[in-house]
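Structure, as structure tokens:
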There are 2 protein chains.
Amino acid sequence: MAKLQKSIEKRNALVKATINLVNNNGFHATPMSKIAKMANVSPATIYLYFDNKQDLVNKVYIEVKAAYTAYAFKNYSNDIPVAKGFEIIWKRIADFKLKEVEEAMFLAQCDNTPIIDEASRQEGLKHLQPLLDLWEKGKKEGIIKPLSPYLLYAYSINPLSFLMVMQQRGVFQLNQDHLEDAYQAAWNSIKK
Amino acid sequence: MAKLQKSIEKRNALVKATINLVNNNGFHATPMSKIAKMANVSPATIYLYFDNKQDLVNKVYIEVKAAYTAYAFKNYSNDIPVAKGFEIIWKRIADFKLKEVEEAMFLAQCDNTPIIDEASRQEGLKHLQPLLDLWEKGKKEGIIKPLSPYLLYAYSINPLSFLMVMQQRGVFQLNQDHLEDAYQAAWNSIKK
DNA sequence: TAAAAAAGAATGAACATTCATTTTTAGTAT
DNA sequence: ATACTAAAAATGAATGTTCATTCTTTTTTA
């Protein structure tokens with residue numbers, strides 16, 4: 001009797017193809033047949049790995065989000081002082097968005113449309129907890145403004161998404177100087 | 001011979017229905033038949049007003065974007081001092097996003113997905129010129145940081161979109177205090 | 001060699017768009 | 001005012017295509 005061991009490479013290729021096609025054509029113009037073709041797989045094979053199209057896109061979302069937050073918090077631990085901790089996280093996030101453009105674009109699209117179902121969205125949110133904790137600590141120490149975490153996020157982290165999208169569209173080139181400026185703006189807007 | 005004068009109300013109903021359905025279901029789950037039904041019109045009638053589905057969504061985008069910028073610059077004129085001018089524009093934009101939630105959500109979705117074609121996107125960008133001019137003037141006067149307008153936009157205007165989306169998803173309630181905080185954060189991040 | 005994995009072709013539903021008719025509109029004649 | 005008419009506007013019912021998903025068969029694996 002053979003073991004149940006589906007090829008992980010095939011699954012990865014499917015995930016990759018989904019990200020690429022949804023980025024370039026949008027969810028509405030990404031048929032399963034195209035995903036299969038780009039992953040060098042039969043359309044039927046997709047259904048060995050995922051229940052259906054919605055399940056596919058949900059799972060891709062959650063996995064990319066998990067990779068994103070893992071990357072963001074890689075060098076962070078909660079005994080680091082608030083200001084330094086924030087800098088570490090912010091710069092890792094910037095790094096991710098500049099290096100893993102495909103993944104980051106995919107997240108931006110999912111976060112601004114109803115293509116992901118509510119449960120998966122919630123699931124994705126959980127991973128941000130360390131940042132919320134950091135801000136809580138910062139507020140207690142009087143280093144961070146006493147604002148809702150949504151405001152803090154809106155003004156310090158989220159602008160990176162906008163910059164990445166503009167960069168990706170070729171509207172402007174984001175260089176290292178820009179990034180330092182951006183970091184200063186981010187910090188200025190949340191520090192007390 | 002009758003005059004060519006198609007009912008403007010019908011067209012408006014179609015635009016409104018498109019915005020509503022795309023917001024709630026996404027472009028991929030918004031068939032022409034549903035748009036027609038919501039607008040109390042036959043599917044065939046849509047084609048009297050628009051060439052096809054792509055043309056419909058492009059035109060809706062451009063019109064909403066035009067309404068948005070008209071609203072934003074309503075009380076502004078370029079002889080107003082930079083700091084005050086920025087405040088006026090920022091607060092009008094915040095107003096728009098809080099009052100015209102449907103329109104603002106639609107723009108957010110279009111600006112983060114490939115559902116709009118490139119030409120329409122460019123068209124939409126043009127309308128922001130007065131704000132770019134204001135920043136240019138502010139930089140010359142040494143009031144605004146010498147940053148790329150994309151950075152300025154990312155840190156002062158764009159966060160409002162994030163806040164609106166969160167508010168719309170019921171994640172938190174954006175009140176007048178929040179808004180004043182948000183305005184201060186916006187200004188802090190771009191003023192010299 | 002038997003079960004798992006994969007494949008290609010088939011199925012049926014959903015959809016954008018068009019077609020053939022009907023209804024409305026507004027100018028004109030009575 | 002009223003009736004007439006021709007074009008415009010609108011419609012509901014096709015049409016043909018695209019697509020997600022399933023079915024049957026083949027290939028791979030252990």
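In this structure, Tyr150(B) has its ring center at least 6.0 angstrom away from the ring center of His178(A).
Lys16(A) pairs by the salt bridge (Lys or Arg N to Asp or Glu O under 4.0 Å) definition with nothing, not counting sequence neighbours. Checked against ring pair (Phe, Tyr, Trp, His ring centres under 6.0 Å), Tyr71(A) has the following partners two or more places apart in sequence or in another chain: Phe96(A). Every residue two or more places apart in sequence or in another chain was checked for a salt bridge (Lys or Arg N to Asp or Glu O under 4.0 Å) with Lys34(A), and none qualifies. Looking at residues two or more places apart in sequence or on another chain, you find a ring pair (Phe, Tyr, Trp, His ring centres under 6.0 Å) between Tyr183(B) and Trp90(B).
For dA5(C), neither phosphate oxygen OP1 nor OP2 lies less than 4.0 angstrom from any side-chain nitrogen or oxygen of Tyr49(A). Checking the phosphate oxygens (OP1, OP2) of dA9(D), no side-chain nitrogen or oxygen of Lys10(B) falls inside 4.0 Å. Between Thr45(B) and dT11(D) there is a side-chain N or O to OP1 or OP2 distance below 4.0 Å.
Ile46(B) has its CD1 atom 17 Å from the P atom of dA9(D), to the nearest Å. One interatomic measurement links the two molecules: NZ of Lys37(B) to C1' of dA14(C), which rounds to 13 Å at whole-angstrom precision. If you measure from atom CD of Glu9(B) to atom P of dA10(D), you get 10 Å, rounded to the nearest angstrom. Taking atom CG on Leu48(A) and atom P on dT27(D), their separation rounds to 17 Å, with Å as the unit.
Identified under the ring-ring contact (aromatic ring centres under 6.0 Å, His included) test for residues 100-130 of chain B, with sequence neighbours left out: none. Residue pairs meeting the salt bridge (charged side-chain N to carboxylate O under 4.0 Å, His left out) criterion with at least one partner in residues 57-66 of chain B, sequence neighbours excluded, are Arg11(B)-Glu63(B), Asp55(B)-Lys59(B), Lys65(B)-Asp111(B). Every pair passing ring-ring contact (aromatic ring centres under 6.0 Å, His included) that includes a residue from residues 8-27 of chain A is listed here, sequence neighbours excluded: Phe27(A)-His28(B).
Ring geometry for Trp135(B) against Tyr153(B) counts as perpendicular: the plane angle is over 60°, on a 0 to 90° scale with 30° as the lower cut.
With respect to Lys97(B), the side-chain contact (heavy atoms from CB on, under 4.5 Å) criterion is satisfied by exactly one of Leu174(B), Leu160(B), Leu163(B), Ile157(B): Leu160(B).
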Can you give me the N/O atom pairs linking the protein to nucleotides 18-22 of chain D at distances under 3.5 Å, or say none if there are none?
{"residue": "dA20(D)", "atom": "OP1", "partner": "Met32(A)", "partner atom": "N", "Å": "3.4"}
{"residue": "dA20(D)", "atom": "OP1", "partner": "Lys53(A)", "partner atom": "NZ", "Å": "2.9"}
{"residue": "dA20(D)", "atom": "OP2", "partner": "Met32(A)", "partner atom": "N", "Å": "2.6"}
{"residue": "dT21(D)", "atom": "OP2", "partner": "Tyr47(A)", "partner atom": "OH", "Å": "2.8"}
{"residue": "dT21(D)", "atom": "OP2", "partner": "Lys53(A)", "partner atom": "N", "Å": "3.0"}
{"residue": "dT21(D)", "atom": "O5'", "partner": "Tyr47(A)", "partner atom": "OH", "Å": "3.3"}

Restricting both atoms to N or O, compile the protein contacts to nucleotides 20-23 of chain C shorter than 3.5 Å, with distance only.
none

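Note that the two end axes of the helix from dT1(C)-dA30(D) to dT30(C)-dA1(D) enclose an angle of 20°, each drawn from 5 base pairs, rounded to 10 degrees.
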Side-chain atoms of residues 185-192 of chain B: list all donor-acceptor pairs with protein atoms under 3.5 Å, sequence neighbours left out, distances to 0.1 Å.
{"residue": "Asn188(B)", "atom": "OD1", "partner": "Lys191(B)", "partner atom": "NZ", "Å": "3.0"}
{"residue": "Asn188(B)", "atom": "ND2", "partner": "Gln184(B)", "partner atom": "O", "Å": "3.3"}
{"residue": "Ser189(B)", "atom": "OG", "partner": "Tyr155(B)", "partner atom": "O", "Å": "3.4"}
{"residue": "Ser189(B)", "atom": "OG", "partner": "Ala185(B)", "partner atom": "O", "Å": "3.3"}
{"residue": "Ser189(B)", "atom": "OG", "partner": "Ala186(B)", "partner atom": "O", "Å": "2.8"}

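Glu118(A) CD: more than 12 foreign heavy atoms inside a 6.0 Å radius.
Shown here for Pro114(B) and Gln109(A), the closest heavy-atom pair between the two residues is CD-OE1, 3.5 Å.
Residues of residues 11-22 of chain A having a heavy atom closer than 4.0 Å to DNA chain D: none are found.
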